[in-house]
Amino acid sequence: RKEVEQDPGPFNVPEGATVAFNCTYSNSASQSFFWYRQDCRKEPKLLMSVYSSGNEDGRFTAQLNRASQYISLLIRDSKLSDSATYLCVVNEGYSTLTFGKGTMLLVSP
Amino acid sequence: DTGVSQDPRHKITKRGQNVTFRCDPISEHNRLYWYRQTLGQGPEFLTYFQNEAQLEKSRLLSDRFSAERPKGSFSTLEIQRTEQGDSAMYLCASSLLGSNSPLHFGNGTRLTVT
């Protein structure tokens, strides 16, 4: 199984800032992509799927670049409640999802 | 609550003992997954079932680990002769069929082996 790489951070940003995370994947046959959010000592929760054309959900925008094999997550107008670890997830076509190690975001007042 | 449920939430056991965890998936989900997560790491795949069939097992799943899903509904994960290195959060997730179907996780079972 191939790898999913993320910058572990932490990313320290003030409230209201815009922050972006990238995630690279090594298997060009990967078929579907997701961003999950995980709070400390809690289970991962789906934040959003990532579609080929890019997609937006409120303050969150996800992009996929198949040529360069990376996906990105942009968070606008950061809130204190956005502080969490963001996990990049890739389905390589084996019916199992491979998780990155996560990027920690800390939003401060 | 119709989400994924796991039991117990926490388990403390002594090295060498056997432990068993249970997972009840979302009822209409065909697929059930077990992952393990340690501090600072993302979830690592252990095994998954489609209905009652165990279709894939990770190399992380040593001979001491066994998982079942006898009727295609709930699943159990048993660890025999636990070792300190087994201490982790064990996460169960379920999904519908299809590569675009996301996983829905339970709260996890936190295992501590002393």
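Lettering of chains follows the sequences in order, A, B, ..., and the numbering in each one begins at 1.
Your options are Gly42(B), Ser101(B), Ala93(B), and the one with the most heavy-atom pairs under 4.5 Å with chain A is Gly42(B).
For Met104(A), the CE atom sits in a loose shell: 12 or fewer heavy atoms of surrounding residues, nucleotides or ligands are nearer than 6.0 Å. Counting non-hydrogen atoms of other residues, nucleotides and ligands closer than 6.0 Å to CZ of Arg59(A) gives a total above 12. Around the CG atom of Leu80(A), the shell of radius 6.0 Å holds more than 12 heavy atoms that belong to other residues, nucleotides or ligands. For CD of Glu15(A), the number of neighbouring non-hydrogen atoms (other residues, nucleotides, ligands) closer than 6.0 Å is greater than 12. Within a 6.0 Å radius of CD1 in Ile12(B), other residues, nucleotides and ligands contribute 12 heavy atoms or fewer.
Here Phe99(A) and Phe45(B) keep their ring centres 6.0 angstrom or further from each other.
Defined by atom type and a distance below 3.5 Å, a donor-acceptor pair is present between the side-chain atoms of Gln37(B) and Gln38(A).
Here the shortest heavy-atom pairing between Leu91(B) and Glu43(A) reads CD2-CB, 4.0 Å.
In the hydrophobic cluster analysis, where Ile, Leu, Val, Met, Phe, Trp and Tyr join through side-chain heavy atoms closer than 4.5 angstrom, Leu64(A) is grouped together with Phe60(A). At a threshold of 4.5 Å between side-chain heavy atoms, the hydrophobic network of Ile, Leu, Val, Met, Phe, Trp and Tyr places Phe21(A) and Val13(A) in one connected group.
At a 4.5 Å heavy-atom cutoff, the contact between Leu103(B) and chain A is made by backbone and side-chain atoms alike. For Ser95(B), no part lies under 4.5 angstrom from a heavy atom of chain A. Within the 4.5 angstrom heavy-atom criterion, only side-chain atoms of Tyr36(A), from C-beta onward, approach chain B.
Two residues are said to be in side-chain contact when any heavy atoms from C-beta on lie closer than 4.5 Å; Pro43(B) and Leu97(A) fail this criterion.
The CG atom of Asn100(B) sits 6.0 Å away from the CZ atom of Phe34(A) when rounded to the nearest 0.5 Å.
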